[in-house]
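Here's the structure we're looking at; comments come further down.
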Amino acid sequence: MTEPTGASVSLVVPVYNEEEAVGAFHAQLQEAIAPLAYHFTIYYVNDGSSDGTQQALQQIANQDDCVVVVELSRNFGHQAALTAGLDMAEGDYVISLDGDGQHPPALIGEMLRLAEAGCDVVLTQRVEAEQPAGRPSFKRWSSEQFYRLINRIGDTQVLPGAADFRLLRRPVVLALRQMREYHRLLRGMVAWMGYRTVILPYHPPERLAGQSKYSLRKMLGLAMNAIFSFSLVPLYIGISVGALFLVLALAEMVYVLSFWVTGQQSGLAPGWSSLMFVLLVVGGSLMITIGFIGIYVGYIFQEVKGRPIYLVRRTTGGAQAAEEEHLGQ
Ligand code: UDP
Ligand code: MG
């Protein structure tokens with residue numbers, strides 16, 4: 001194992017309605033970091049939980065000096081909660097991981113070893129064990145399709161199965177802080193930045209407790225962000241379909257003209273169904289193109305408003321936070 005370096009490490013853990021899991025998670029985390037010779041600070045970001053998560057976190061912070069609890073003003077979503085933690089984290093290394101135990105804290109030692117060896121970014125990659133029934137779950141299937149799609153049409157390649165369990169060295173965190181876009185997919189933004197990156201595969205354990213907080217709607221939102229904030233391909237699709245129909249129209253014109261020139265009977269008189277067909281297809285593709293443009297305009301609108309990505313209600317715990325609270329009174 002690496003010799004003590006005296007370096008500081010910030011752990012960023014976004015939690016949303018995890019009252020059942022967070023206690024067990026913290027115990028796991030403490031066990032994993034106890035033998036490591038670093039100065040750790042744990043930032044729990046409570047992403048507007050409506051259950052007893054805040055109280056559970058408060059209890060943890062009371063017993064553990066190195067815990068800071070950041071309470072957001074409402075549920076801003078996983079990516080925003082992670083951003084809140086990354087903005088506060090002051091460590092030489094910053095590691096983000098989920099608070100449900102699916103990102104095993106036992107890997108932290110290995111991640112730090114890789115970072116000490118000179119890597120700027122340590123990405124962990126989820127490698128799923130084969131399912132006994134041989135039937136992939138919807139979640140797994142949709143995740144595969146998600147990565148396939150964004151890597152096909154996006155400008156930035158994202159490693160499949162590499163979610164938000166990663167280590168970033170301080171300069172990388174500072175670079176990431178400069179990227180204030182409202183629609184965020186951190187894994188895409190980290191991939192875009194580059195830096196010396198290494199991949200650490202792991203088998204994901206089951207959730208410690210509770211249910212996944214990623215509803216279908218949230219997953220679709222994330223996929224939309226991945227597509228429309230990293231790719232202009234949807235616009236090209238519309239343009240290509242439009243061009244195809246122009247070519248078809250030209251061909252039809254030549255066809256009709258050929259009858260006129262040769263003086264033959266075309267027999268096209270009824271023509272209603274073919275006209276209707278062309279009308280519907282052209283109309284449909286126009287609507288799709290306008291829809292794509294509309295989504296981009298919506299994204300631009302939300303970006304130009306320049307609203308904050310998250311709002312902090314209060315920060316408690318940790319020596320520094322206690323001081324700030326005192327000053328605030
Ligand atoms: N999470 C969050 N805000 C949300 C949704 C989720 O902070 O709006 C947290 C959640 O508590 C967990 C992590 O993000 O620590 C990953 O969420 P989850 O485990 O539900 O996602 P899954 O692992 O099912 O993809
Ligand atoms: Mg999870």
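Just so it is clear, the values below take in all heavy atoms, side chains as well, and ignore hydrogens, waters and symmetry mates.
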Between [Y] and [X], is there a side-chain heavy-atom distance shorter than 4.5 Å?
X: Asp92; Y: Val9; value: no
X: Arg166; Y: Leu186; value: yes
X: Val69; Y: Gln54; value: yes
X: Ile33; Y: Leu11; value: yes
X: Asp87; Y: Tyr310; value: yes
X: Lys305; Y: Tyr182; value: no
X: Val13; Y: Phe25; value: yes
X: His26; Y: Asp64; value: yes

Nearest 0.5 angstrom please: [X] [atom1] to [Y] [atom2], how far?
X: Leu57; Y: Ile42; atom1: CG; atom2: CD1; result: 11.0 Å
X: Glu252; Y: Leu257; atom1: CD; atom2: CG; result: 10.5 Å
X: Leu86; Y: Leu174; atom1: CG; atom2: CG; result: 11.0 Å
X: Leu72; Y: Arg314; atom1: CG; atom2: CZ; result: 12.0 Å
X: Leu167; Y: Thr197; atom1: CG; atom2: OG1; result: 11.0 Å
X: Arg152; Y: Ile150; atom1: CZ; atom2: CD1; result: 13.5 Å

In this structure, would [X] and [Y] fall into the same cluster of hydrophobic residues linked by side-chain contacts under 4.5 Å?
X: Tyr16; Y: Val70; answer: no
X: Phe146; Y: Phe138; answer: yes
X: Ile199; Y: Val172; answer: yes
X: Leu250; Y: Val261; answer: no
X: Ile300; Y: Leu185; answer: no

At their closest point, which heavy atom of [X] faces which heavy atom of [Y], and how far apart are they?
X: Ala89; Y: Ser10; answer: CB-CB, 3.5 Å
X: Pro105; Y: Ala32; answer: O-CB, 3.4 Å
X: Glu90; Y: Ser8; answer: O-OG, 4.4 Å
X: Val127; Y: Pro201; answer: CG2-CB, 3.7 Å
X: Glu31; Y: Pro35; answer: O-CD, 3.4 Å
X: Ser143; Y: Arg126; answer: OG-NH2, 3.1 Å

Donor-acceptor check, side chain of [X] to backbone of [Y], threshold 3.5 angstrom: yes or no?
X: Asn75; Y: Gly48; result: no
X: Arg184; Y: Met179; result: yes
X: Gln125; Y: Ala162; result: no
X: Ser49; Y: Asp51; result: no
X: Thr156; Y: Gly188; result: no
X: Thr53; Y: Glu18; result: yes
X: Thr124; Y: Phe165; result: yes
X: Asp98; Y: Asp100; result: no
X: Arg169; Y: Cys119; result: yes

Does [X], at its [atom1] atom, have more than 12 non-hydrogen atoms belonging to other residues, nucleotides or ligands within less than 6.0 Å?
X: Arg180; atom1: CZ; result: yes
X: Arg148; atom1: CZ; result: no
X: Glu181; atom1: CD; result: yes

### Query
When you look at Gln28 and Leu208, which way does the side-chain contact (heavy atoms from CB on, under 4.5 Å) test go after all the steps?
CA-CA 10 Å; Gln28 254 189 18; Leu208 286 168; 3.7 Å; yes
### Query
With Leu82, which of Leu97, Val45, Val12 fulfils side-chain contact (heavy atoms from CB on, under 4.5 Å)?
Val12
Check: residues 285-293 side-chain donor-acceptor pairs under 3.5 Å, at least two apart:
from	atom 1	to	atom 2	distance (Å)
Ser285	OG	Val281	O	2.9
Ser285	OG	Val282	O	3.0
Thr289	OG1	Ser285	O	2.7

### Message
Show, in sequence, the C-alpha distance, side-chain angles and deciding distance for Glu116 and Tyr93, and conclude whether the side-chain contact (heavy atoms from CB on, under 4.5 Å) test is met.
### Response
CA-CA 10 Å; Glu116 293 285 352; Tyr93 304 110; 3.5 Å; yes
### Task
Check the pair Asn17 / Gln211 against side chain to side chain donor-acceptor pair (under 3.5 Å), numbers first and verdict last.
CA-CA 9 Å; Asn17 291 349; Gln211 299 278 317; over 6 Å; no
### Query
Do Tyr202 and Glu110 pass the side-chain contact (heavy atoms from CB on, under 4.5 Å) test, and can you show the C-alpha distance, the side-chain angles, and the key distance before you say yes or no?
CA-CA 11 Å; Tyr202 73 99; Glu110 179 65 9; over 6 Å; no
### Task
Using the side-chain contact (heavy atoms from CB on, under 4.5 Å) rule, take Lys218 and His78 through it: C-alpha gap first, then chi angles, then the decisive distance, then the call.
CA-CA 9 Å; Lys218 279 189 175 168; His78 184 206; over 6 Å; no
### Query
Using a distance-only test with no angle check, is there a side-chain donor-acceptor pair under 3.5 angstrom linking Thr316 and Gln58?
yes
Table please: side-chain donor-acceptor pairs of residues 220-247 below 3.5 Å, with sequence neighbours left out.
from	atom 1	to	atom 2	distance (Å)
Asn225	OD1	His183	ND1	3.1
Asn225	OD1	Tyr299	OH	2.8
Ser229	OG	Asn225	O	2.2
Ser231	OG	Ile153	O	2.9
Ser231	OG	Val233	N	3.0
Ser240	OG	Tyr236	O	2.6

